[in-house]
Q: 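Provided herewith is a single structure, encoded as structure tokens, for subsequent inquiry.
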Amino acid sequence: MPKTSPTNEAITGCILGTAVGDSIGLPYEGVSRKRLLRMLGKPDRHRFLFGHGMVSDDTEHTCMVAQSLIASSFQLDGFTSDFARRLRYWFAALPAGVGKATARACIKLWFGFSPNNSGVFSAGNGPAMRSAIFGAVFEDLDTMVSFVRASAIMTHSDPKAEYGAIAIALAAFTAKRGTTIDGVQYVKQLESFIGSNGDELLVLLRNVVESVAKSESTKDYAVSLNLERGVTGYTYHTVPVVIHAWLSHHCDYRAAVTSVIECGGDADTTAAIVGGIVGTSTGVSGIPEKWISGICEWPRSVGWMRKLADQLDDSINGSADRTPISLNPAAGILRNLFFLVVVLFHGFRRLFPPY
């Protein structure tokens, strides 16, 4: 019998919500807001691989965080060393589309740099894309933030990347606690963790709250940030747009994911992040079943991710088993090579009309 505890629902909803958003958004990645509907149509179904979807590094990093939390029994030092090891071997399996900062950080880890010194000065999305799971798991905010910071600095040393990651984790933490979301209170709570050094992000998020209060669409809000061509990989572009979509559609998974994809740009990451946040609130039942069943992945299948979520829930509840479900390294390499072929096909397709 499947588990239905609140914690399990939040964790499973977060992991699968991330995966589904990632896979629905992936074929739209890098396409401008004006072109994406003409070229691909509305993001209402899988369009990556003959009506099916695959996931990218957004989902993979979320799953690795979950594995490391289990393996470390939620001990910060153990989490840091285990996640660094998983990053090294993930990178060695030749994943496609790795961010420049994350790639450089992984290389530094292979050359023996400490996880506390391996990060590259970048304000990219790497830390934010894997942070919703922290909010789904932890009940103590101070502990949650300490884990988010350890995860962020491992690949990105710019404080902006850390602040953006904390904003996403806090959104997921807030989402799992009920259907009523107070945007003003959310920003105030975030301020208590990032302080005045994060004023730039706080100003952006206060503007987000005002925009949502005026019923402005997420797409129009993105345009107000001069993102007419799409949301970039800069965390102070991604995080405000994602938070806008979450506050606008915090109980409607489909609408939240669709609204960020239609903004264009880094669509797989924006959809994965907001999918993880909203999935934490709605659970799996709030995610369209056809979107879940349409994911065609191996070896990190939907069934594998469900089992990982169950293991993480068991670990929270005191399970003595500290061995998370794993992947066959050879299978991972074969999968990544196939994934690369499909990505290259999509890139080639974009050379042709409609523009």
Q: Grouping I, L, V, M, F, W and Y whenever their side-chain heavy atoms are under 4.5 Å apart, do Phe111 and Leu87 come out in a common cluster?
A: yes
Q: Kindly compute the distance separating OG (Ser151) from CE (Met64), expressed to the nearest 0.5 Å.
A: 9.5 Å
Q: Is there a side-chain contact between Asn8 and Asp310, using heavy atoms and a 4.5 Å cut-off?
A: yes
Q: Indicate yes or no: at least one non-hydrogen side-chain atom of Leu16 is less than 4.5 angstrom from one of Arg306.
A: yes
Q: Under 4.5 Å between side-chain heavy atoms, hopping through other hydrophobics if needed: is there a path connecting Phe91 to Met154?
A: yes
Q: Within the distance-only criterion (no hydrogens, no angle test), does the side chain of Lys176 pair as donor or acceptor with the backbone N or O of Gly135 below 3.5 angstrom?
A: yes
Q: Would you say that Glu262 contacts Pro43 through its side chain, given a criterion of any heavy-atom pair below 4.5 Å between the two side chains?
A: yes
Q: Just by modelled atom types, is the His46 backbone N or O under 3.5 Å from a matching donor or acceptor in the His52 side chain?
A: no
Q: Is there side-chain contact between Phe74 and Thr143, with at least one heavy-atom pair below 4.5 Å?
A: no
Q: Hey, is the main chain of Gly265 close enough, under 3.5 Å, to the side chain of Arg229 for a donor-acceptor pair?
A: no
Q: Using a 3.5 Å distance criterion without hydrogens, assess whether the side chain of Arg322 forms a donor-acceptor pair with backbone atoms of Ala71.
A: yes
Q: Students often mix this up, so state it plainly: with edges at 30° and 60°, are the rings of Phe138 and Phe134 parallel, tilted or perpendicular?
A: parallel
Q: Could you tell me whether Arg335 and Glu297 make a salt bridge, using a distance below 4.0 angstrom between a side-chain N and a carboxylate O?
A: yes
Q: What heavy-atom pair brings Leu308 and Ala66 nearest, and what distance separates the two atoms?
A: CD2-CB, 3.8 Å
Q: Spell out, as yes or no, whether a donor-acceptor pair under 3.5 Å connects the side chain of Thr18 to the backbone of Cys14.
A: yes
Q: Would you mind reporting whether Leu202 and Arg206 have side-chain heavy atoms less than 4.5 Å apart?
A: yes
Q: Please check if atom CG in Asp140 has more than 12 non-hydrogen atoms from other residues, nucleotides or ligands closer than 6.0 Å.
A: yes
Q: Quick one, Ile168 and Ile243 - any side-chain contact, counting heavy atoms below 4.5 Å?
A: yes
Q: I need the single residue from Thr270, Thr269, Thr238 that forms a side-chain hydrogen bond (donor to acceptor under 3.5 Å, both in side chains) with Asn125. Which is it?
A: Thr238
Q: Report, as yes or no, whether the 6.0 Å neighbourhood of atom CZ on Arg104 holds more than 12 heavy atoms from other residues, nucleotides or ligands.
A: no
Q: Atom CG of Leu227 and atom SG of Cys263: how far apart are they, to the nearest 0.5 Å?
A: 8.5 Å
Q: Measure the shortest side-chain to side-chain distance between Val65 and Phe147 over non-hydrogen atoms and say whether it is less than 4.5 angstrom.
A: no
Q: Check the angle between the aromatic planes of Phe79 and Phe83 and answer parallel, tilted or perpendicular using the 30° and 60° thresholds.
A: parallel
Q: Could you measure the distance from the OH atom of Tyr186 to the CG atom of Leu170? Nearest 0.5 Å is fine.
A: 5.5 Å
Q: Between Thr59 and Asp22, is any side-chain donor less than 3.5 angstrom from a side-chain acceptor?
A: yes
Q: State the CD-OG1 distance between Glu9 and Thr280, to the nearest 0.5 angstrom.
A: 11.0 Å
Q: Under the side chain to side chain contact (heavy atoms under 4.5 Å, CB included) rule, what do Ile70 and Ile325 come out as? Steps first, then yes or no, please.
A: CA-CA 10 Å; Ile70 295 168; Ile325 185 172; over 6 Å; no
Q: Do NZ/NE/NH1/NH2 and the carboxylate oxygens of Arg350 and Glu29 come within less than 4.0 Å?
A: no
Q: Decide ring pair (Phe, Tyr, Trp, His ring centres under 6.0 Å) for Phe338 and Trp298; before the verdict, give the C-alpha distance in whole Å, the side-chain angles of both, and the deciding distance to 0.1 Å.
A: CA-CA 11 Å; Phe338 175 75; Trp298 173 83; over 10 Å; no
Q: Can you name the closest pair of heavy atoms from Ala167 and Val239 and give their distance?
A: CB-CG1, 3.9 Å
Q: For residues Val55 and Leu334: do they belong to one hydrophobic cluster (side chain heavy atoms under 4.5 Å, members Ile, Leu, Val, Met, Phe, Trp, Tyr)?
A: no
Q: Would you say the side-chain atoms of Ser281 pair up with the backbone N or O of Ile277, donor to acceptor, closer than 3.5 Å?
A: no
Q: Taking all non-hydrogen atoms of both residues into account, name the closest pair between Ser56 and Asp58 and its distance.
A: OG-OD2, 2.7 Å
Q: Using modelled atom types and a 3.5 Å cut-off, is there a donor and acceptor pairing between side-chain atoms of Ser248 and backbone atoms of Ala245?
A: no
Q: Can you give me the closest heavy-atom contact between Thr155 and Ala105, atom names plus distance?
A: CA-CB, 3.6 Å
Q: Tell me whether Phe348 at atom CZ has more than 12 heavy atoms from other residues, nucleotides or ligands lying less than 6.0 Å away.
A: no
Q: Can a cation-pi geometry be assigned to Arg86 and Trp90, taking NZ or CZ under 6.0 Å from the six-membered ring centre and within 45° of the ring axis?
A: no
Q: Between Tyr253 and Gly21 (side chain of the first, backbone of the second, donor and acceptor by atom type, cut-off under 3.5 Å), is there such a pair?
A: yes
Q: Under the criterion side chain to side chain contact (heavy atoms under 4.5 Å, CB included), I'd like the reasoning laid out for Val148 against Glu162: C-alpha separation, chi angles, the key distance, then a yes or no.
A: CA-CA 7 Å; Val148 173; Glu162 175 190 303; 5.7 Å; no
Q: Please state whether the rings of Tyr89 and Trp110 are parallel, tilted or perpendicular, taking 30° and 60° as the class boundaries.
A: perpendicular
Q: Have a look at Val241 and tell me which of Thr232, Ile273, Leu204, Thr218 forms a side chain to side chain contact (heavy atoms under 4.5 Å, CB included) with it.
A: Thr218
Q: Check whether any side-chain heavy atom of Leu69 sits under 4.5 Å from a side-chain heavy atom of Val137, and report yes or no.
A: yes
Q: Start with the C-alpha distance between Lys219 and Arg33, add both sets of side-chain angles, then the distance that settles side chain to side chain contact (heavy atoms under 4.5 Å, CB included), and finish with yes or no.
A: CA-CA 9 Å; Lys219 189 158 50 175; Arg33 180 175 62 90; 3.5 Å; yes
Q: Strictly distance-based, threshold 3.5 Å: is any side-chain N or O of Ser73 a donor or acceptor partner for the main-chain N or O of Gln75?
A: no
Q: Treating Ile, Leu, Val, Met, Phe, Trp and Tyr as nodes and any side-chain heavy-atom pair under 4.5 angstrom as an edge, say whether Phe113 and Ile153 lie in one connected cluster.
A: no
Q: To the nearest 0.5 angstrom, please state how far the OH atom of Tyr28 sits from the CE atom of Met39.
A: 8.5 Å
Q: Which pair of heavy atoms, one from Gly124 and one from Thr235, lies closest together, and at what distance?
A: O-CB, 3.7 Å
Q: Just verifying a value: how many Å separate Thr102 OG1 and Arg130 CZ, rounded to the nearest 0.5 Å?
A: 6.0 Å
Q: Check step by step if side chain to side chain contact (heavy atoms under 4.5 Å, CB included) holds for Leu141 and Gln189.
A: CA-CA 10 Å; Leu141 278 172; Gln189 200 164 31; 3.2 Å; yes
Q: Ignoring hydrogens and geometry beyond distance, is a side-chain donor-acceptor pair present between Asp82 and Ser72 at under 3.5 Å?
A: no
Q: Check whether the side chains of Asp313 and Thr7 place a donor and an acceptor atom closer than 3.5 Å, and report yes or no.
A: no
Q: Same cluster or not: are Val208 and Val184 linked, directly or through other Ile, Leu, Val, Met, Phe, Trp or Tyr residues, by side-chain heavy atoms under 4.5 angstrom apart?
A: yes
Q: What is the minimum heavy-atom distance between Gly126 and Met129, and which atoms define it?
A: O-CG, 3.1 Å
Q: For Ser211 and Asn207, indicate whether the former's side chain and the latter's backbone hold a donor-acceptor pair under 3.5 Å.
A: no
Q: Indicate, with yes or no, if the rings of Phe339 and Phe48 have centres closer together than 6.0 Å.
A: yes
